[in-house]
Engineer: 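Mind having a look at this structure? Questions to follow.
Below, chains carry the letters A, B, ... as their sequence lines are ordered, and counting in each starts from 1.
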2 protein chains.
Amino acid sequence: MADTKARILHATGELFRRQGYTGTGLKQIVAEAGAPFGSIYHFFPGGKQQLAAEVIRSSGRAYQDLVVALLDASPDPVVAIETSFAAAAETLVATGYADACPIATVALEVASTDETLRAATAEVFAGWVDAGTDRFVRWGFATPDARRLAIALITSLEGAFLLCRAARSTEALDAAAGAVVAAVRAAQQT
Amino acid sequence: MADTKARILHATGELFRRQGYTGTGLKQIVAEAGAPFGSIYHFFPGGKQQLAAEVIRSSGRAYQDLVVALLDASPDPVVAIETSFAAAAETLVATGYADACPIATVALEVASTDETLRAATAEVFAGWVDAGTDRFVRWGFATPDARRLAIALITSLEGAFLLCRAARSTEALDAAAGAVVAAVRAAQQT
DNA sequence: GTCTATACACGGATAGAC
DNA sequence: GTCTATCCGTGTATAGAC
């Protein structure tokens, strides 16, 4: 079965998002995916670490596409940012504050404990920054400003996710969006 | 020994910061603290969860005091923010990108898995927001603006920590500080 | 070539020795 | 009252049955 692998990747992504890396067991993954235990080592000979690396890259890329699609929907950066943060808030509420960033929890867990996986998360974030920079360049910003704004957008979103999930409130997403908008307007005036 | 408890709390805080909640074992904690295993259940009858709750509150409070002291050092909010983010970057580099927020990793791990600990992290963040709001009020901002700026400050710092630890670079802290400064200046002009 | 049963270490927790 | 030895479950990984 080729799509057994896809089911494992998908189930692992969902569990990592909610429970993190060390908090998710391989047995729980195969149970969720409806796959036999041996399939993990068939498709991922490197075990949990290899599975995690592939999940980080695939779910990281999927989330990048989702956010870029949201940003592309508006020709005005301020509107794009506000609608994107509002959409993130809606998703958060709709999923009981579970579905935020798919790799943030794992990224913090592995940052000082697993060099291979840390590098995988760094690649994903670097891709997000590059994609965001492209958007801001198309909105008319010079490349250095565009990169700073892209990073500010991502860090604000990630930090807001943290506070929102802890507090079970979307207030932080509103405040964070305001800061990004202020940074965009400040860059527009130069 | 009364300070056995303090050593356990301190060791747990250090390990949680680097490895998270599920990634840190009780045996590792007592080894690091130089304490016998039974001490954990002597001082924390509720086991790992109770220990974690106390660590979240104590290290969360300690970090709040540290950041507030940094913010208090400057009468100008923009200078205070820039020096605080710069200090965070220095600490990050000095510790090999290990010492960032003491509770962020744990907060994400427990947000959807342990209601008791989620509430503890929410309390800590709420305290940070209140303390930050006080600072901005003293800098002359109206309370609603002050609260929004405090949240923007915290979310930017947290999100930047995530990207910095993953990328092993302090670039994100610079960009995040810029966004907070822009938000402060925008609020000053109203 | 797929999957099940098992190995072995480590997780949290506890009971009882001192 | 402090600490050690142990319990049972779960963790990852593997070997071998089919």
Side-chain angles (χ1 to χ4, degrees), chain A residues 1-56 105-106 108-110 112-118 120, chain B residues 1-56 103 105-106 108-110 112-118 120-121:
Chain A
M1 292 285 179
D3 72 336
T4 297
K5 181 174 181 177
R7 287 209 314 281
I8 291 174
L9 284 170
H10 182 259
T12 305
E14 292 295 308
L15 292 169
F16 278 7
R17 189 196 291 245
R18 292 175 171 78
Q19 308 177 341
Y21 178 66
T22 52
T24 301
L26 297 182
K27 288 174 185 172
Q28 188 182 9
I29 290 170
V30 294
E32 192 79 13
F37 189 79
S39 296
I40 287 189
Y41 287 89
H42 174 72
F43 294 111
F44 309 95
K48 192 182 188 182
Q49 191 190 45
Q50 184 188 345
L51 168 59
E54 293 198 25
V55 166
I56 288 165
T105 310
V106 175
L108 287 180
E109 286 181 282
V110 303
S112 300
T113 57
D114 189 311
E115 181 56 21
T116 301
L117 295 182
R118 180 202 65 76
Chain B
M1 291 286 178
D3 73 335
T4 298
K5 181 174 181 178
R7 287 208 315 280
I8 291 174
L9 283 170
H10 182 259
T12 305
E14 291 295 307
L15 291 169
F16 277 7
R17 191 195 289 245
R18 292 177 170 77
Q19 308 176 344
Y21 178 66
T22 53
T24 302
L26 296 182
K27 289 171 184 172
Q28 188 182 9
I29 289 170
V30 293
E32 191 79 14
F37 188 80
S39 297
I40 287 189
Y41 287 90
H42 175 70
F43 294 110
F44 308 95
K48 191 182 188 183
Q49 192 190 43
Q50 184 188 345
L51 169 59
E54 293 198 25
V55 166
I56 288 165
I103 68 160
T105 311
V106 176
L108 287 179
E109 285 181 283
V110 304
S112 300
T113 58
D114 189 312
E115 181 56 22
T116 300
L117 295 182
R118 181 202 64 76
T121 64

Engineer: Would you mind classifying the nucleic acid contact of Gly47(B) as base, sugar-phosphate or nothing, using non-hydrogen atoms under 4.0 angstrom?
Structural biologist: sugar-phosphate
Engineer: Would you mind reading off the distance between Phe43(B) atom CZ and dG1(D) atom C1', rounded to a whole angstrom?
Structural biologist: 10 Å
Engineer: Can you tell me if CD on Gln49(B) sees more than 12 non-hydrogen neighbours from other groups inside 6.0 Å?
Structural biologist: yes
Engineer: Please work out if Thr24(A) contacts a base, only the sugar-phosphate, or nothing of the nucleic acid, heavy-atom cut-off 4.0 Å.
Structural biologist: sugar-phosphate
Engineer: How many whole angstroms separate atom CG of Leu51(B) from atom C1' of dG11(C)?
Structural biologist: 15 Å
Engineer: Could you say whether Phe37(A) or Lys27(A) is positioned toward the 5' end of DNA chain C, judged by the nucleotide with the nearest heavy atom to each?
Structural biologist: Phe37(A)
Engineer: Just call it for Gly25(B): base, sugar-phosphate, or nothing, with non-hydrogen atoms closer than 4.0 Å on any strand.
Structural biologist: sugar-phosphate
Engineer: Where the side chain of Leu26(A) is concerned, which of dA13(D), dC3(C), dG12(C) is the nearest nucleotide?
Structural biologist: dA13(D)
Engineer: Might you work through the side chain to side chain contact (heavy atoms under 4.5 Å, CB included) test for Phe37(A) and Leu26(A), ending with a clear yes or no?
Structural biologist: CA-CA 8 Å; Phe37(A) 189 79; Leu26(A) 297 182; 3.9 Å; yes
Engineer: Separation of His42(A) atom NE2 from dA15(D) atom P, in whole Å?
Structural biologist: 17 Å
Engineer: So, under a plain 3.5 Å distance rule, would you say the side chain of Lys48(A) forms a donor-acceptor pair with the base of dG11(D)?
Structural biologist: no
Engineer: Before giving the answer on side chain to side chain contact (heavy atoms under 4.5 Å, CB included), spell out for Thr113(A) and Thr22(A) the whole-Å C-alpha distance, their side-chain angles and the decisive distance to 0.1 Å.
Structural biologist: CA-CA 11 Å; Thr113(A) 57; Thr22(A) 52; over 6 Å; no
Engineer: Looking at Arg18(B) and Ser112(A), what are the two nearest heavy atoms and their distance?
Structural biologist: O-CB, 4.1 Å
Engineer: Starting at the 5' end of DNA chain D and moving along, which residue's nearest nucleotide shows up first, Gly46(A) or Ser39(B)?
Structural biologist: Ser39(B)
Engineer: Output the rounded distance in Å from CD (Gln28(A)) to C1' (dG9(D)).
Structural biologist: 15 Å
